[in-house]
Amino acid sequence: MSLDILKERIKENKLSGVFLFLGQEEYTKDHYANLIRKKVDSSPLPEFNHIYFNAASNKISDLEDAVYSLPYMWESKLIEITDLETAKITESDIEDYIRIFSDIPDYLTILAVLRADAQVDDGKEDKASKSGLPSFIKAVAENGLVVEFDAERADKLSTWIARHFNAKGVKFDFAVPREMINVCGNDMYILQGEILKLTEVYSGTPITVYDVRKYCCANSAYKYFDIATALNRRDMVAAKRILDSLDLSRETIPMAIGVIVKNYSDMLLVKMGLDSGKTFDAISKETKIKSWLVRKIAQSIGQTDVRTLSFAISQLSNADMKLKSYRGNPKRILELTFYRICTYGRKD
């Protein structure tokens with residue numbers, strides 16, 4: 001809903017007010033931020049009309065002064081609030097922000113872009129934390145527009161990839177967009193780079209799935225996380241399907257085990273924190289795991305308990321030792337390990 005409102009306001013050039021962008025998808029976040037910046041950066045002297053306010057080092061009075069200074073040789077101006085991630089925003093600051101945000105001149109746009117690794121759970125921050133970001137988000141929501149950019153679904157990403165190929169006159173097999181997502185992941189910045197790579201090698205013959213596997217860089221880190229998530233659901237079929245898609249060799253399977261163990265170790269830390277009644281912010285601070293990733297891990301864990309997560313780590317460690325001690329079938333060893341994890345604690 002908020003993204004639709006943003007699109008409409010950009011289209012109609014009605015950009016006065018306060019905008020806060022947050023969420024996990026950085027590509028679309030930057031895309032719309034650049035559309036807003038373009039309105040001012042096209043002015044004769046953009047350095048006078050595009051002002052940066054550093055929330056971590058500047059005073060609120062500096063922001064207020066900038067708000068009420070008129071645009072220079074242009075009909076509008078932009079104030080971009082930066083370094084919110086490192087700012088310590090007090091209750092007094094929030095009151096000032098609310099006062100300023102509630103009375104924005106028609107010529108002014110205020111924009112703040114919050115990066116994915118700085119996300120907090122709205123209204124559920126650690127009470128000992130002084131970051132003040134949840135209160136800042138609330139202040140914008142009450143007086144402006146907060147837009148959350150979630151990661152795009154596979155079907156929309158496929159359409160987006162196809163649109164980019166079509167715009168460049170590149171012909172491709174229908175399975176190519178989905179294969180790119182399978183190989184490269186769903187980060188749109190990474191996908192954009194791989195689209196350009198395939199465009200450069202295009203010679204008139206339609207791009208195929210084979211070309212994707214030949215030229216594109218595999219981003220397999222997210223697949224290991226998905227394996228652990230499937231095992232948490234006790235979905236052996238999904239875990240095996242993801243494992244097969246990685247096309248691992250005898251030499252690379254030990255590395256894969258190490259990555260899966262790391263994912264499980266993070267899951268165990270998050271689960272123990274949640275069981276202790278800690279907030280996502282507090283867990284992030286103690287474990288040094290990014291707050292957005294803490295939320296993602298919490299969702300992946302579901303109803304999985306500490307004993308099951310600990311068992312998974314022990315079984316994967318045992319598999320690693322087996323691979324190093326004798327020359328069995330490494331993939332078979334890993335599949336049996338997955339089976340043990342999926343069936344742990346079952347009475348049937």
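These numbers were taken from a predicted model, which means no experiment stands behind them.
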Is it the case that one hydrophobic cluster holds both [X] and [Y], taking links as side-chain heavy atoms less than 4.5 Å apart, direct or via other members?
{"X": "F165", "Y": "V209", "value": "no"}
{"X": "V306", "Y": "I283", "value": "yes"}
{"X": "M180", "Y": "Y189", "value": "yes"}
{"X": "Y107", "Y": "I110", "value": "yes"}
{"X": "W74", "Y": "L108", "value": "no"}

- Task: Would you please test K296 and F225 for side chain to side chain contact (heavy atoms under 4.5 Å, CB included) and show each step?
- Result: CA-CA 10 Å; K296 183 177 179 180; F225 183 89; 3.6 Å; yes

Taking atom [atom1] of [X] and atom [atom2] of [Y], what is their separation to the nearest 0.5 Å?
{"X": "N13", "Y": "E75", "atom1": "CG", "atom2": "CD", "result": "7.5 Å"}
{"X": "C216", "Y": "I190", "atom1": "SG", "atom2": "CD1", "result": "11.5 Å"}
{"X": "I161", "Y": "L191", "atom1": "CD1", "atom2": "CG", "result": "4.5 Å"}
{"X": "L84", "Y": "F53", "atom1": "CG", "atom2": "CZ", "result": "9.0 Å"}
{"X": "I100", "Y": "N143", "atom1": "CD1", "atom2": "CG", "result": "11.0 Å"}
{"X": "L231", "Y": "I260", "atom1": "CG", "atom2": "CD1", "result": "7.5 Å"}

Can you tell me if [atom1] on [X] sees more than 12 non-hydrogen neighbours from other groups inside 6.0 Å?
{"X": "E12", "atom1": "CD", "value": "yes"}
{"X": "Y202", "atom1": "OH", "value": "yes"}
{"X": "M272", "atom1": "CE", "value": "no"}

Could you check if a side-chain atom of [X] sits within less than 4.5 angstrom of a side-chain atom of [Y], using non-hydrogen atoms only?
{"X": "F136", "Y": "I81", "result": "yes"}
{"X": "S76", "Y": "N49", "result": "no"}
{"X": "K331", "Y": "I253", "result": "yes"}
{"X": "F19", "Y": "R9", "result": "yes"}
{"X": "P254", "Y": "D320", "result": "yes"}
{"X": "I36", "Y": "L6", "result": "yes"}
{"X": "Y68", "Y": "D103", "result": "yes"}
{"X": "I301", "Y": "V270", "result": "yes"}

Can I get a per-line list of side-chain donor-acceptor pairs under 3.5 Å for residues 170-178, giving both atom names and the distance, sequence neighbours left out?
none

- Note on the structure: Residue pairs passing the salt bridge (charged side-chain N to carboxylate O under 4.0 Å, His left out) test with at least one member in residues 42-54, sequence neighbours excluded, are none

- Can you list every pair that meets salt bridge (charged side-chain N to carboxylate O under 4.0 Å, His left out) and has a residue in residues 32-46, with sequence neighbours left out? R37-E80

Donor-acceptor contact present, side-chain [X] to main-chain [Y], <3.5 Å:
{"X": "K197", "Y": "Y215", "result": "yes"}
{"X": "E85", "Y": "R115", "result": "yes"}
{"X": "T109", "Y": "L15", "result": "yes"}
{"X": "S102", "Y": "I98", "result": "yes"}
{"X": "N34", "Y": "D30", "result": "yes"}
{"X": "N54", "Y": "S57", "result": "yes"}

- Are H50 and Y52 close enough that their ring centers fall under 6.0 Å?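 Close enough - the centres of the two rings lie under 6.0 Å apart.
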
Side chain to side chain contact (heavy atoms under 4.5 Å, CB included) partners for [X], two or more places apart:
{"X": "Y344", "result": "R307, T308, F311"}
{"X": "A141", "result": "V146"}
{"X": "L35", "result": "I10, H31, Y32"}
{"X": "T252", "result": "L248, S249, M255"}

Could you go through residues 60-67 and list every donor-acceptor pair under 3.5 Å that involves a side-chain atom there, pairing it with any protein atom two or more places apart or in another chain?
from : atom 1 : to  : atom 2 : distance (Å)
D62  : OD2    : K59 : N      : 3.1
E64  : OE2    : R99 : NH1    : 2.5

Residues [X], [Y]: salt bridge by 4.0 Å N-O rule:
{"X": "K11", "Y": "E8", "result": "no"}
{"X": "K29", "Y": "E26", "result": "yes"}
{"X": "K278", "Y": "E286", "result": "yes"}

Which atoms form the tightest heavy-atom contact between [X] and [Y], and what is the distance?
{"X": "A55", "Y": "A87", "answer": "O-CB, 3.5 Å"}
{"X": "R234", "Y": "C342", "answer": "NH1-O, 2.6 Å"}
{"X": "P44", "Y": "M73", "answer": "CD-O, 3.8 Å"}
{"X": "G23", "Y": "E148", "answer": "CA-CG, 4.0 Å"}

- Message: Can you list everything that forms a salt bridge (charged side-chain N to carboxylate O under 4.0 Å, His left out) with E25? Sequence neighbours excluded, please.
- Response: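 With sequence neighbours excluded, E25 shows a salt bridge (charged side-chain N to carboxylate O under 4.0 Å, His left out) to no residue whatsoever.
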
- Summary of side-chain hydrogen bond (donor to acceptor under 3.5 Å, both in side chains) pairs that have at least one residue in residues 261-273, sequence neighbours excluded: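 Found K262-D266, K271-D275.
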
- Query: How far apart are the C-alpha atoms of Y97 and S135, what are their side-chain angles, what is the distance that settles it, and do they pass the side chain to side chain contact (heavy atoms under 4.5 Å, CB included) test?
  - Reply: CA-CA 10 Å; Y97 279 122; S135 296; over 6 Å; no

- State whether a side-chain donor-acceptor pair under 3.5 Å links T90 with D93.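 Yes, D93 and T90 have a side-chain donor paired with an acceptor closer than 3.5 Å.
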
- Between Y27 and W160, is a ring-ring contact (aromatic ring centres under 6.0 Å, His included) present by the stated rule, with each step listed? CA-CA 12 Å; Y27 180 91; W160 177 79; 5.3 Å; yes

- Task: Please test L78 against I51 for side chain to side chain contact (heavy atoms under 4.5 Å, CB included), starting from the C-alpha separation and ending with a verdict.
- Result: CA-CA 6 Å; L78 169 67; I51 300 167; over 6 Å; no

- Between I333 and L323, is a side chain to side chain contact (heavy atoms under 4.5 Å, CB included) present by the stated rule, with each step listed? CA-CA 8 Å; I333 291 172; L323 289 173; 3.7 Å; yes

- Query: With ILVMFWY side chains joined below 4.5 Å, transitively, what does L196's cluster contain besides itself?
  - Reply: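 Listed partners: none, L196 stands alone.
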
Name the atoms and distances for all side-chain donor-acceptor pairs under 3.5 Å in residues 151-159, with sequence neighbours left out.
from : atom 1 : to   : atom 2 : distance (Å)
S158 : OG     : A154 : O      : 3.0
T159 : OG1    : D155 : O      : 3.1

